[in-house]
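Counting from 1, the numbers follow the sequence of the chain as shown. Counting starts at 1 for both ligands and their atoms, following the listed order.
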Amino acid sequence: MHPKNTGEDALPNFKAIADREVEAILISHAHQDHIGTLPVAMRRFPGAQIFMTEATAEVGSVLLHNSVNVMTRQREEIGEMSYPLFTHREIDRATERWRWCPMRQRISIAGERAAQREKDTLTFEFFDAGHVLGSTGVMLRGEGQTVFYTGDVNFDDQTIMQAAVFPEGEIDVLILECTRGDHAKSEGWTRANEERRLAEALAANFERDACVLIPVFALGKTQEILAMLHKFRRQRLLPEFPIYIGGLSSKFTDIYDRRSHTTRRQLPRLKLMREVAPFILNDETVRSAAVRGGRVHVLSSGMMIPRTLSNVFARRMIENPQHSIFFVGYANPESPAGLLQEAGQGGELALDPDKPPQRIRCNIEQFQFSAHATRESLVDFAKKISPKKVLLVHGDPPAVEWMRTTLSRELSRSEVIVPTPGVEVEL
Ligand SMILES: [Zn+2]
Ligand SMILES: [Zn+2]
């Protein structure tokens with residue numbers, strides 16, 4: 001699902017494959033942009049088998065049901081008459097057809113376990129992508145050729161997630177995400193240093209009785225930030241303080257907790273809901289919850305899309321110089337979160353285009369805790385693999401352009417392709 005477009009414009013370009021028989025759909029992970037229109041795809045390609053990890057299935061089901069509620073509301077609010085694109089019942093029927101696959105197992109497109117040696121059957125294999133719970137990269141093998149799709153990947157450890165474990169053997173075609181292609185890794189950045197900087201910033205804000213908002217994705221970043229806050233409290237870097245998250249985030253956090261012993265991760269014994277014990281806000285209570293010093297609000301959406309918790313809460317605090325907003329990950333430059341960072345303190349912005357603009361007086365600070373690989377590590381991976389062809393996907397134009405230029409220079413024997421949506425590429 002396109003993160004910015006709405007209605008039919010948010011659907012993938014199905015037209016390009018409309019007259020094909022689709023045998024299988026492989027889901028890399030359960031972020032909205034990767035799974036958000038799966039029920040529509042299943043309706044259009046009823047013969048397709050659907051494969052994903054068990055964790056992705058659990059998260060994805062929650063996400064899609066939530067999405068129906070959001071779309072039903074948007075039908076009224078923005079007059080998008082194609083919404084909801086699917087119903088709760090349709091999701092229930094769809095999820096019954098999802099096939100759960102373990103990591104590191106070759107499976108045929110028909111859904112059978114495949115022998116390592118079988119050369120002719122088309123098979124896939126999921127590899128841990130280290131991005132969010134259940135996330136994978138996908139290896140396709142057939143006719144003696146291999147295609148590897150990274151999905152969204154992180155090659156570094158996060159606070160909960162562990163770094164990706166990707167294949168290093170022969171790959172003919174590499175489909176590479178480029179999210180951070182336009183961000184140079186800053187000198188001396190380490191996650192440990194950045195965690196310390198966040199703890200110090202929070203302490204300084206508590207000192208002057210500030211309320212802090214951290215906009216986050218409900219899946220992934222919420223749990224990473226909660227785990228960091230837990231560490232800060234336990235290390236006595238910070239005192240006890242109230243933490244608030246949204247209802248959807250709490251459901252995903254429950255899944256992280258339930259699966260803490262069965263997934264590859266750090267801090268496996270940490271049960272976030274019990275030990276961090278966040279208070280839970282919903283669409284209504286976020287409008288009246290006190291904007292009070294010493295509280296931390298870890299609210300979605302990460303891009304501060306209008307009417308989401310982070311957007312509604314931010315509008316209540318940005319005119320007050322006492323309070324602070326901390327950004328901790330990627331935001332599309334045209335999203336409200338991107339525009340807010342661009343405008344900065346002293347600027348003016350309508351966080352919700354339907355509401356009047358506001359003067360930004362609160363503090364704005366940035367921290368780097370991306371769940372995506374640095375561009376340097378993406379280039380290193382591509383060099384290690386040295387594929388015949390590299391396809392660059394999942395990046396804003398400047399990000400893709402930096403990756404294209406760099407890889408064309410560093411990988412002189414690879415063909416670097418920036419695919420045009422809807423146009424077939426010969427692999
Ligand atoms: Zn993702
Ligand atoms: Zn993505």
Check: [X] ring centre within less than 6.0 Å of [Y] ring centre:
X	Y	result
H34	H394	yes
F124	F51	yes
F155	F166	yes

Is the Zn ion (ligand 1) less than 2.8 Å from at least one N/O/S atom of H372? no
Report the angle formed at the Zn ion (ligand 2) by atom OD2 of D152 and atom NE2 of H394, rounding to the nearest 10°. 110°
Angle at the Zn ion (ligand 2), OD2 of D33 to NE2 of H34, rounded to 10 degrees, please. 90°
For residues I225 and L229, determine if any side-chain heavy atom of one lies less than 4.5 Å from a side-chain heavy atom of the other. yes
Distance only, no hydrogens: is a donor on one side chain within 3.5 Å (strictly under) of an acceptor on the other, for E125 and T123? no
Take the Zn ion (ligand 1) as the vertex and measure to NE2 of H29 and NE2 of H131; round to 10°. 100°
By atom name, which N, O or S atom of H31 is the nearest to the Zn ion (ligand 1)? ND1
